[in-house]
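These values consider heavy atoms only, across backbone and side chains, with no hydrogens, waters or symmetry-generated copies. Ligands are counted one by one from 1 in listed order, and the atoms in each one are counted from 1 as well.
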Amino acid sequence: MEREVRVRFAPSPTGALHIGGVRTALYNYLFAKKNGGKFLIRIEDTDQTRFVPGAEEYIKESLAWAGIETDEDPWKGGPHGPYRQSERKAMYMQYALDLVEKGHAYYAFDTSEELDAMRERLTAARVVSPQYNSITRTTMKNSLTLPEDEVKARLASGEPYVIRIKIPRKEEVRLNDMIRGWVMVHSSTLDDKVLMKSDGMPTYHLANIVDDHLMGITHVIRGEEWLPSAPLHVLLYKYFGWEDTMPQFAHLPLLLKPDGNGKLSKRDAEKHGFPVFPLEWTDPNTGGQVAGFRESGYLPDAFVNFLALLGWNPGNQEEIFSKEQLIEAFTVERIGKSGTKFDINKANWFNEIYLRAKPNVELAEYLLASLKQEGIACTPEKAAKVCGVMKERATFPTDFWKEGKFFFLSPTSFDEKIAEKKWNNDTVNALTAYKEELLANTETITPELAKALLTTALEKKGIGMGKVMQGVRLAITGVGAGPDLMEVIEIIGKEEVIKRIDFAIDNLKAYIH
Ligand code: GLU
């Protein structure tokens, strides 16, 4: 019988969730939905020294914001709970002991001083990576070297110990990664990793394998940084006797710096001024702050579309995908093997596309919120109109206010460079004539009428439109570029336009040479 596809995202709550983590969650989610399966979240919090308060909440909120929905998680529960490893603590020891019994793991009593001494000894002997392994374990204090009675006595006396996996000396470990194909590693390169720590907590490796097994996980889709651990995981499945249901692995390529050299980091974000975290975050321990995509004005659906294409491609030129379309199109086979360069301009491009696709009334909400903050009253109708005119030029929702202030405030100053270049007698004559046409006309102003009146004014004066157009814009908006000026005139209204023309003529005299 085909097993139901079950995948998981298994973050550790050690700080803000990096955008690479959100991508891992997204790919798991898309894979589950594509295959009619389940997507769950498991919080891997066995390393209490790295626990950061608020980090779990951050993970939850980030995924909720991105619309990555779960079927089972620590907050809503599910049939395979608990979904927080700290709450599963009592389960792990029996599995470690099972391995000890089968001869695949052993107790080790070495103190940290003894471990340091071993490493120093090996370093002095020019061993490149000194580790506790199939060779060195024979010289250490563990249940493979100590007499059985002594081991029993040490355990009975409550002496601290760890349980380590007993890696075979000569064995080729193979795994067939869904992205990378066959990966072969010789066991002599692996070390005897700790499975159970002296504080009674399992390590990541043990807890991860036990939980994936108990939770019926069929596919492990995770970051490439876990590929070196995968051979150890394969051995654990074998030693537990769970080979038949071992999940298939897919290790995702790294997200790279914008210049392609190395892994995208928090420092890149600071250096280039763009976010690499989904939400803003203040580390409670260090006070360090990171910027968030959400707070920077990225729309969740644009963010998800952008993220999906950072490492996956649909096999054609198509770039715009709704979540449903992503689910439909997603396959692991189309995830690239090599790292993907992070490009914030692409994220901005997606944001523009999604912003423009939204109805004006919805966009108006953003503008109305900005206006409220500024204490400026505005009807929803006017706000929608402004957004309609502005949306081709906006990247973020806040741009409607930032770039469109002139719709609400008459200019009090003018772009000097434009004034220097474009303010002259022709412009003043044209504007004076335009004002007269506007005053003489009694119809409601429309963009067409605004244009017709300007044309008439310029014809009467014998001035070419191209010569004075930027000066006219400067007088009305204070700046040299913007959306269609005739539409601007319609929105701000005839009376206000006339006022602005008067003000500009009075205040820009110094620019006429
Ligand atoms: N807890 C690990 C992490 O923080 C999970 C790795 C895995 O998915 O196996 O990335």
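- Ligand-side atoms of ligand 1 in range of Y204: 2 (C), 5 (C), 6 (C), 7 (C), 9 (O), range being under 4.0 angstrom from any heavy atom.
- In this structure, the side chain of T24 engages the main chain of G20 through a donor-acceptor pair within 3.5 Å.
- Between F249 and Y237, the ring planes lie perpendicular to each other; the angle is over 60°, past the 30° to 60° tilted range.
- Annotation: A10 places an N or O atom under 3.5 Å from an N or O atom of ligand 1; distance criterion only.
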Should D98 and Y239 be marked as a side chain to side chain donor-acceptor pair (under 3.5 Å) after you check the CA-CA gap, both sets of side-chain angles, and the distance that decides it?
CA-CA 9 Å; D98 175 44; Y239 296 158; over 6 Å; no

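- Ligand-side atoms of ligand 1 in range of N208: 7 (C), 9 (O), range being under 4.0 angstrom from any heavy atom.
- Ligand 1 is approached by R8 to a heavy-atom distance shorter than 4.0 Å.
- Residue-ligand proximity, E44 to ligand 1, at heavy-atom distances under 4.0 Å covers atoms 1 (N), 2 (C), 5 (C).
- Note: K337 NZ to D177 CG = 9.0 Å, rounded to the nearest 0.5 Å.
- At a 4.0 Å heavy-atom cut-off, ligand 1 touches W226 through the side chain alone.
- Looking only at distances, no side-chain donor or acceptor of N305 sits under 3.5 Å from a matching main-chain atom of D301.
- The contact set between ligand 1 and S12, taken as ligand atoms under 4.0 Å from a residue heavy atom, comprises 1 (N), 4 (O).
- Residues K170 and H186 form a side-chain contact, since some pair of their non-hydrogen atoms from C-beta on lies under 4.5 Å apart.
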